[in-house]
Q: 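Below is a structure I'd like to ask you about.
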Amino acid sequence: MSMPQTPPARGVTILGTGRAVPEGRLTNQDLEKIMDTSDEWIVQRTGIRERRKCDPSKGESAVSLCTDALTRAIEDSGIDRSEIDLLVIGTVTGEMTCPATACRVGKRVGLGNAGAFDLLAACSGFVYGLNIAHDMIRVGRCRTIAVVGCDVMTEVMDYSNRGVSILFGDAAGAVILQATEDQSQGILASALHANGERWADLYLPRRERDVPDQDDPNELQLGTLQMRGREVYKFAVGTFANLIGETLEKAGIEASDVAQYVCHQSNARMLESARERFGIEQDRMYVNIDRYGNCSAGSVPVCLDELRSVGKCQTGDLVMFVAFGGGLTWASSLWRL
Ligand code: COA
């Protein structure tokens with residue numbers, strides 16, 4: 001008779017990170033040439049100056065970005081790729097729904113028969129994946145898990161829709177998580193939330209029947225992201241701050257205890273408002289939206305990799321990951337690295 005397993009006492013560490021962004025740039029000046037907008041309007045409302053854009057003619061895609069980011073994370077972690085038990089990719093822009101992007105990336109990276117699946121939580125996809133992967137390691141189901149966040153948002157933009165298309169860009173970021181004997185490392189508090197009642201505020205319709213009653217399918221381009229910008233902004237600005245508050249409270253710590261807030265880059269004004277509410281200094285809430293725009297699930301892991309490459313987010317630091325996105329979904333993850 002098999003006995004119930006007691007979870008092994010173990011911590012979880014982020015062993016390595018990597019990122020990949022396409023070389024192609026789409027600046028505000030480029031957008032001025034194809035739509036009625038201005039650099040000043042975009043910078044003032046969002047903080048964005050340029051974004052990256054995949055070039056399919058060069059073979060750039062969600063699969064290629066994930067492959068590059070994951071390869072770099074494996075190199076950075078120093079592990080052998082055969083150690084990876086599971087690959088989780090948060091994305092809403094995989095080329096196909098079957099097979100999962102993760103299966104094709106696993107094949108390219110050489111992960112053998114490691115488990116692989118995609119996770120759909122829009123801009124929150126990476127943080128959702130991070131929480132799930134962490135807990136699978138903590139309870140002893142897996143020893144090493146790769147989590148990737150990636151979106152190729154330029155493929156789902158309608159560039160005649162200026163209220164949406166100025167916001168988004170393409171990127172992937174990856175982390176390697178592994179079990180460690182140091183039980184102080186890993187998640188101190190986390191949150192996963194969704195509110196499906198608000199789904200029509202941010203959605204990607206494939207067919208006419210996907211379009212909600214309040215929108216006219218003849219006035220939108222199927223296969224492109226639809227958004228009620230002002231509603232999303234109002235919801236997100238409060239939710240973002242509440243999520244930080246909820247996570248601090250669960251962990252029983254103060255905002256000032258956290259070394260770095262690694263947040264989804266949806267709008268510089270939203271980040272600023274959360275920063276001010278908690279009195280967080282500028283250098284403890286990273287911003288790269290000016291260079292990349294909103295890269296959906298790619299935003300948070302790209303921020304983490306950039307921070308690590310300048311010596312931030314070191315072992316022992318308290319780091320909070322925060323994201324918000326379509327669904328509507330929102331999630332956080334507070335780590336002792
Ligand atoms: N350039 C110039 N003018 C633009 C424009 C653009 N790119 N996009 C919209 N406008 C115009 C609108 O047509 C509107 O004009 P009108 O008053 O004559 O009708 C005016 O600017 C204001 O539009 P509105 O949509 O109310 O602007 P806003 O201040 O809410 O800013 C967003 C728009 C999209 C920047 C803002 O709502 C936002 O950031 N929302 C959250 C989006 C988000 O983060 N989504 C992802 C979540 S993960």
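Since this is a predicted model, take the numbers as computed values, not measurements. Heavy atoms only: backbone and side chains are in, while hydrogens, waters and symmetry mates are out. Counting from 1, the numbers follow the sequence of the chain as shown. Counting starts at 1 for both ligands and their atoms, in listed order.
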Q: Near N267, which atoms of ligand 1 are under 4.0 Å from a heavy atom of that residue?
A: 38 (C), 39 (O)

Q: Indicate whether atom 18 (O) of ligand 1 is within a distance of less than 4.0 angstrom of some protein heavy atom.
A: no

Q: Mark up the atoms of ligand 1 that fall under 4.0 Å of a heavy atom belonging to N294, in ascending order.
A: 46 (C), 48 (S)

Q: Which of these, D170, D290, D30, N28, sits in a side-chain hydrogen bond (donor to acceptor under 3.5 Å, both in side chains) with R51?
A: N28

Q: Salt bridge or not for R10 and E181, using N-O below 4.0 Å?
A: no

Q: Could a heavy atom of G163 be found less than 4.0 Å from some atom of ligand 1?
A: yes

Q: As an exercise, identify every atom of ligand 1 less than 4.0 angstrom from a heavy atom of T46.
A: 35 (C)

Q: For ligand 1, which atoms sit closer than 4.0 Å to a heavy atom of V232?
A: 43 (C), 45 (N), 47 (C)

Q: State whether any protein heavy atom lies less than 4.0 Å from atom 30 (O) of ligand 1.
A: yes

Q: Counting from 1, what ligand 1 atoms have a heavy atom of S266 closer than 4.0 Å?
A: 44 (O)

Q: Heavy atom under 4.0 Å from ligand 1: found in C123's side chain, backbone, both, or neither?
A: side chain

Q: Hey, which atoms in ligand 1 end up nearer than 4.0 Å to a heavy atom of F324?
A: 48 (S)

Q: For W41, which part has a heavy atom under 4.0 Å from ligand 1: side chain, backbone, both, or neither?
A: side chain

Q: Looking only at side chains, do E306 and Y286 share a donor and an acceptor under 3.5 Å apart?
A: yes

Q: Are the charged groups of D36 and R162 less than 4.0 angstrom apart, N to O?
A: yes

Q: Identify the residue among W199, F240, W330 that makes a ring-ring contact (aromatic ring centres under 6.0 Å, His included) with F235.
A: W330

Q: Are T224 and N161 packed together at the side-chain level, in the sense that at least one heavy-atom pair is separated by less than 4.5 angstrom?
A: no

Q: Would you indicate which of R162, E40, M153 comes nearest to atom 15 (O) of ligand 1 when only heavy atoms are counted?
A: R162

Q: Looking at D201 and R198, does any basic side-chain N land under 4.0 Å from a carboxylate oxygen?
A: yes

Q: Any non-hydrogen protein atom below 4.0 Å of atom 34 (C) of ligand 1?
A: yes

Q: Going by the atom numbers of ligand 1, which of them fall below 4.0 Å from some non-hydrogen atom of H264?
A: 48 (S)

Q: CZ of R141 to CG of D135: how many Å apart, nearest 0.5 Å?
A: 11.5 Å

Q: Look at atom 25 (O) of ligand 1 and say whether a protein heavy atom is found at less than 4.0 angstrom from it.
A: no

Q: Just to be sure I'm reading this right: ignoring hydrogens, which of E32, M35, R45 gets closest to atom 22 (C) of ligand 1? Compare them by their nearest heavy atoms.
A: R45

Q: Has R269 got its NZ or CZ under 6.0 Å from the middle of the six-membered ring of Y233, at an angle within 45 degrees of the ring axis?
A: yes

Q: Would you mind running through ligand 1 and noting each atom that sits below 4.0 Å from a heavy atom of I166?
A: 7 (N)

Q: For T101 and D118, which I'm curious about, is there any donor-acceptor pair between the side chains at under 3.5 Å?
A: yes

Q: Does either side chain, that of T180 or that of T13, offer a donor lying less than 3.5 Å from an acceptor on the other one?
A: no

